[in-house]
**Q** 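Here it is: the structure, laid out below.
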Amino acid sequence: MKPRVRFAPSPTGYLHIGGARTALFNWLYARHTGGTFILRIEDTDAARNSQEAVDVILNGLRWLGLDWDEGPLTGDATGAGKGNCGPYFQSQRKENYQRRVEALLSRGLAYEHEGAVKFKMQREPITIHDLVVGDVVRKLTDREEADPDFVILRSDGQPVFHLVNVIDDLEMDVTHVIRGEDHLSNTAKHIALFQAFGVKPPHYAHIPLILNGDGTKMSKRDTGASLTAYTEGGFLPEAVVNYLCLLGWSPKDNREKMSRDEVVERFDLPQILRHNARFDYEKLLWLQGEYARELGDDRFYELAVHAFAKAGVNTNAFPLPYVKAALDTCKGKFKLFSELPAYAGFYFTDKIEYDVEAAKKDFVPENKPRLEKLRDAFAAAPAFNAGALEIALKETAKALGVKAGVLVHPCRLAVTGKTSGPSLYHLLEVLGKEKVMQRIEKALAGFGG
RNA sequence: GACCCUAUGGUCUAGCGGUUAGGACACCACCCUUUCACGGUGGGAGCCCGGGUUCGAUUCCCGGUAGGGUCGCCA
């Protein structure tokens with residue numbers, strides 16, 4: 001039988017980066033083995049459920065490219081789903097839980113207590129055969145020693161996580177439970193429940209947790225804990241996916257940058273590490289740069305235009321060839337799309353604000369005649385393109401007896417307001433003679449010397 | 001408090017009874033260069049501690065320490 005795995009998030013309004021990785025590992029295992037990836041929404045806590053919260057999860061998985069073979073089609077709990085084991089929202093599966101609880105009750109494996117129903121948990125240690133961690137003998141804690149039984153049905157009739165999780169895995173024929181290590185201790189309860197239902201528990205694979213960069217545990221409030229920090233932060237999904245693959249899993253051959261297909265081919269449970277990993281933002285950023293540099297033109301333009309729009313800059317107000325030419329000078333020079341508006345905003349506005357420190361350094365009296373000479377050389381250039389402008393600048397520098405940089409810096413500052421950016425000659429060409437002249441003139445007027 | 005998991009440079013990791021302990025990110029220096037980025041070259045930096053086992057432990061065992069997790073009518 002082909003493996004059937006599932007990602008079973010609770011709709012809390014956000015998708016934790018660790019949850020995203022759990023989903024990814026499940027997806028990878030399913031794709032690697034030709035198995036089935038199921039998405040199940042564990043919305044038993046009616047108080048904090050909403051379609052919006054479910055959509056956050058669905059959209060997050062879609063952004064990452066983790067398509068599910070079975071599961072909801074939309075965030076509507078009562079809506080349609082795909083697969084033969086639905087519904088895939090626990091809120092729609094109440095009868096199953098009720099029926100199972102009654103079966104347990106009738107067989108004396110559970111009992112009523114203060115209006116709730118408690119499961120009769122065994123007192124002997126339970127051995128968990130974990131595919132990642134190995135055999136784990138889970139003994140009772142002192143609290144459990146006092147009362148090993150646990151509630152499976154609340155006094156208000158609502159089933160509890162341990163119960164529904166097991167019943168659904170059982171009824172959905174889940175063969176491998178790949179989840180965070182925070183569930184390892186709970187697994188004893190789950191195994192006991194499976195046994196009470198008379199079936200063999202699935203295989204378990206508990207994956208280590210993701211910690212903050214400083215080694216502390218990652219909680220909801222930590223920056224970077226939510227997937228939206230990356231979706232909204234200008235990251236590429238392929239970079240995030242690649243990075244997540246490397247956190248807690250290793251191809252064992254020093255490969256770092258790998259395509260999704262490559263990982264699918266090589267991913268397997270035994271190579272999952274047993275220890276927690278710290279989230280290394282810098283390394284993610286490196287991968288982001290790698291993927292950003294090799295983006296295809298169409299996708300690059302689309303993402304770039306979107307990034308500008310988000311920053312309030314409507315690039316559509318400019319001629320398409322101009323926008324494309326402008327963006328071409330930026331490709332491979334920045335990593336995060338969220339950086340782009342600041343990096344190349346000068347193409348789309350005439351209000352140039354000079355970097356204060358740089359202005360103090362470059363807009364000094366002795367540079368005024370130099371910049372004037374450069375302006376004249378540009379004006380006299382045979383053509384206003386990168387090649388001709390470079391020659392004009394270098395010859396001017398030579399005539400003035402200074403290095404090219406002496407002219408380059410004030411010129412860049414005058415035209416873009418910044419000290420770094422795209423290739424100067426190319427950005428001048430894209431901007432065009434008129435704008436360049438205007439900006440140099442304006443800068444000259446502000447020298448005040 | 002009890003129970004469980006874990007421990008290789010700053011970070012992610014490879015390795016493993018005998019290695020000059022390998023790679024990547026980050027960092028430093030230099031080169032390239034109109035800036036930034038890219039690319040090149042070189043460099044600093046590591047087996048948590050203590051006991052065993054062994055001719056020999058980073059590697060196996062035990063203990064400690066540290067970090068993480070679990071003990072809910074949360075999921």
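Predicted model only: the values in this text are computed from it and were never measured. Numbered from 1 within each chain, the chains take letters A, B, ... in sequence-line order.
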**Q** To the nearest Å, give me how far apart CD1 (A:Ile191) and P (B:U70) are.
**A** 17 Å
**Q** Only pairs with both distances under 3.5 Å count, Watson-Crick or wobble alike; so what is the partner of B:C74 in this structure?
**A** none
**Q** Just how far, in rounded Å, is C1' of B:U35 from CD of A:Glu357?
**A** 17 Å
**Q** Take atom C1' in B:C48 and the same atom in B:A29, then report the distance between them in whole Å.
**A** 32 Å
**Q** Are A:Tyr97 and A:Asp168 close enough that a side-chain donor and a side-chain acceptor fall under 3.5 Å?
**A** yes
**Q** A:Glu42 near the nucleic acid: base, sugar-phosphate alone, or nothing, with a heavy-atom cut-off under 4.0 Å?
**A** sugar-phosphate
**Q** Does A:Arg255 reach a base, just sugar-phosphate, or nothing at all? Heavy atoms under 4.0 Å.
**A** nothing
**Q** Whole angstrom is fine here: how far is it from CG in A:Asp130 over to P in B:U6?
**A** 10 Å
**Q** Between the base of B:A14 and the side chain of A:Lys252, is there a donor-acceptor distance below 3.5 Å?
**A** no
**Q** Say you pick atom P in B:G9 and the same atom in B:C49; how far apart are they, in whole Å?
**A** 10 Å
**Q** Have a look at A:Gly421 and say if it touches a base, only the backbone sugar-phosphate, or nothing, with a 4.0 Å heavy-atom cut-off.
**A** base
**Q** Should the pair A:Arg100 and A:Phe197 be classed as cation-pi, given the thresholds of under 6.0 Å to the six-membered ring centre and 45° from the axis?
**A** yes
**Q** Heavy atoms from C-beta onward define the side chain here; which of B:C12, B:A24, B:U34 lies closest to that of A:Leu246?
**A** B:C12
**Q** Which one, B:C25, B:C3, B:U13, comes nearest to the side chain of A:Asp280?
**A** B:C25
**Q** Using a cut-off of 4.0 Å on non-hydrogen atoms, how would the nucleic acid contact of A:Val117 be classed: base, sugar-phosphate, or nothing?
**A** nothing
**Q** Rounded to whole angstrom, note down the C1' distance from B:A66 over to B:U8.
**A** 16 Å
**Q** Mark yes or no for a side-chain to base donor-acceptor pair under 3.5 Å between A:Lys333 and B:U35, with no hydrogen or angle criteria applied.
**A** yes
**Q** The side chain of A:Glu282 is closest to which nucleotide in this list: B:U34, B:A75, B:A26?
**A** B:A26
**Q** Give A:Glu145 one of three labels, base, sugar-phosphate or nothing, depending on what nucleic acid heavy atoms sit under 4.0 Å from its own.
**A** nothing
**Q** Base, sugar-phosphate or nothing for A:Tyr243? Non-hydrogen atoms, less than 4.0 Å.
**A** nothing
**Q** Checking base pairs now: Watson-Crick or wobble, both atom distances under 3.5 Å. What partners B:A7?
**A** B:U65
**Q** Taking the same atom, P, in B:C32 and in B:G68, what whole-Å distance lies between them?
**A** 48 Å
**Q** Within the structure shown, what part of the strands sits under 4.0 Å from A:Tyr425 by heavy-atom distance: base, sugar-phosphate, or nothing?
**A** base
**Q** Looking only at the side chain of A:Arg274 (C-beta and beyond, no hydrogens), which of the listed nucleotides B:A14, B:A75, B:U6 gets closest?
**A** B:U6
**Q** Is a side-chain donor or acceptor of A:Tyr243 paired with a backbone partner of A:Asp280 at a separation under 3.5 angstrom?
**A** yes
**Q** What is the distance, to the nearest angstrom, from the CE atom on A:Met218 to the C1' atom on B:G69?
**A** 16 Å
**Q** Nearest of B:A75, B:C25, B:C38 to any side-chain atom of A:Lys335?
**A** B:C38
**Q** Counting only side-chain nitrogens and oxygens, does A:Arg138 get under 4.0 Å of the OP1 or OP2 atom of B:C71?
**A** no
**Q** If I pick the P atom on B:U58 and the same atom on B:G1, what distance separates them, to the nearest angstrom?
**A** 32 Å
**Q** Rounded off to whole Å, could you give me the CG-to-P distance for the A:Leu273 and B:A7 pair?
**A** 9 Å
**Q** Without decimals, in angstroms, what is the distance between A:Asn186 CG and B:C4 P?
**A** 15 Å
**Q** Picking from B:G39, B:G23, B:C71, which would you name as closest to the side chain of A:Glu290?
**A** B:G39
**Q** Using purine N1 to pyrimidine N3 plus N6-O4 or O6-N4 for Watson-Crick, or N1-O2 and O6-N3 for G-U wobble, each under 3.5 Å, what pairs with B:A21?
**A** none
**Q** Is the distance from OP1 or OP2 of B:C4 to the nearest side-chain N or O of A:Lys139 less than 4.0 Å?
**A** yes
**Q** In whole angstrom, give me the gap between the P atoms of B:G10 and B:C47.
**A** 8 Å
**Q** For the rings on A:His162 and A:His190, is their centre-to-centre separation under 6.0 Å?
**A** yes
**Q** May I ask you to say what A:Pro208 touches in the nucleic acid, namely base, sugar-phosphate or nothing, with a heavy-atom cut-off under 4.0 Å?
**A** nothing
**Q** Let me know, please, whether A:Pro159 or A:Ser423 comes out on the 5' side of the other along RNA chain B by nearest nucleotide.
**A** A:Ser423
**Q** Which of the following nucleotides, B:A2, B:U34, B:G15, is nearest to the side chain of A:His426?
**A** B:U34
**Q** Give me the distance, rounded to whole Å, that separates B:A26 from B:G46 when you measure between the C1' atoms they each carry.
**A** 15 Å
**Q** When you get a sec, tell me which of B:A26, B:G15, B:C12 is the closest nucleotide to the side chain of A:Ala277?
**A** B:C12
**Q** Take the angle between the ring planes of A:Tyr281 and A:Phe235 and call it parallel below 30°, perpendicular above 60°, tilted in between.
**A** perpendicular
**Q** Is the closest side-chain donor-acceptor distance between A:Asn367 and A:Arg370 under 3.5 Å?
**A** yes
**Q** Return whichever of A:Arg21 or A:Val136 has its heavy-atom-nearest nucleotide of RNA chain B closer to the 5' end.
**A** A:Val136
**Q** Out of B:A75, B:C71, B:G69, which nucleotide sits closest to the side chain of A:His183?
**A** B:A75
**Q** Taking a pair as Watson-Crick or G-U wobble with both distances under 3.5 Å, which nucleotide is matched to B:G44?
**A** none
**Q** Would the base of B:G22 count as contacting A:Asn254 through its side chain, where contact means a donor and an acceptor less than 3.5 Å apart?
**A** yes
**Q** State whether the distance check finds a donor on one side and an acceptor on the other, under 3.5 Å, for side chain A:Ser155 versus base B:C73.
**A** yes
**Q** Do you see a donor-acceptor pair shorter than 3.5 Å between the side chains of A:His409 and A:Thr419?
**A** no
**Q** What contact category does A:Ser250 fall into here, base, sugar-phosphate, or nothing, at under 4.0 angstrom with non-hydrogen atoms?
**A** sugar-phosphate
**Q** Is A:Gly248 touching bases, backbone alone, or none of the nucleic acid, heavy atoms closer than 4.0 Å?
**A** sugar-phosphate
**Q** If you take the centroid of each ring, where Trp contributes its six-membered ring, are A:Phe447 and A:Tyr354 closer together than 6.0 Å?
**A** no
**Q** Where the side chain of A:Arg143 is defined as all heavy atoms beyond and including C-beta, which of B:U34, B:G23, B:C71 is the nearest nucleotide?
**A** B:C71
**Q** Classify the nucleic acid contact of A:His409 as base, sugar-phosphate or nothing, counting any heavy atom under 4.0 Å across all strands shown.
**A** sugar-phosphate
**Q** Taking atom P of B:A75 as reference, at what distance in whole Å does atom CG of A:Leu153 sit?
**A** 12 Å
**Q** Using Watson-Crick or G-U wobble geometry with both distances under 3.5 Å, which nucleotide pairs with B:A37?
**A** none
**Q** Strictly below 4.0 Å: does A:Lys394 bring a side-chain N or O up to OP1 or OP2 of B:U34?
**A** yes
**Q** Looking only at side chains, do A:Ser226 and A:Thr228 share a donor and an acceptor under 3.5 Å apart?
**A** yes
**Q** For B:G69 and B:C12, measure between their P atoms and round to the nearest Å.
**A** 16 Å
**Q** Taking atom P of B:U13 as reference, at what distance in whole Å does atom CZ of A:Phe279 sit?
**A** 12 Å
**Q** Pick out which of A:Arg123, A:Arg138, A:Lys139 makes a salt bridge (Lys or Arg N to Asp or Glu O under 4.0 Å) with A:Glu144.
**A** A:Arg138
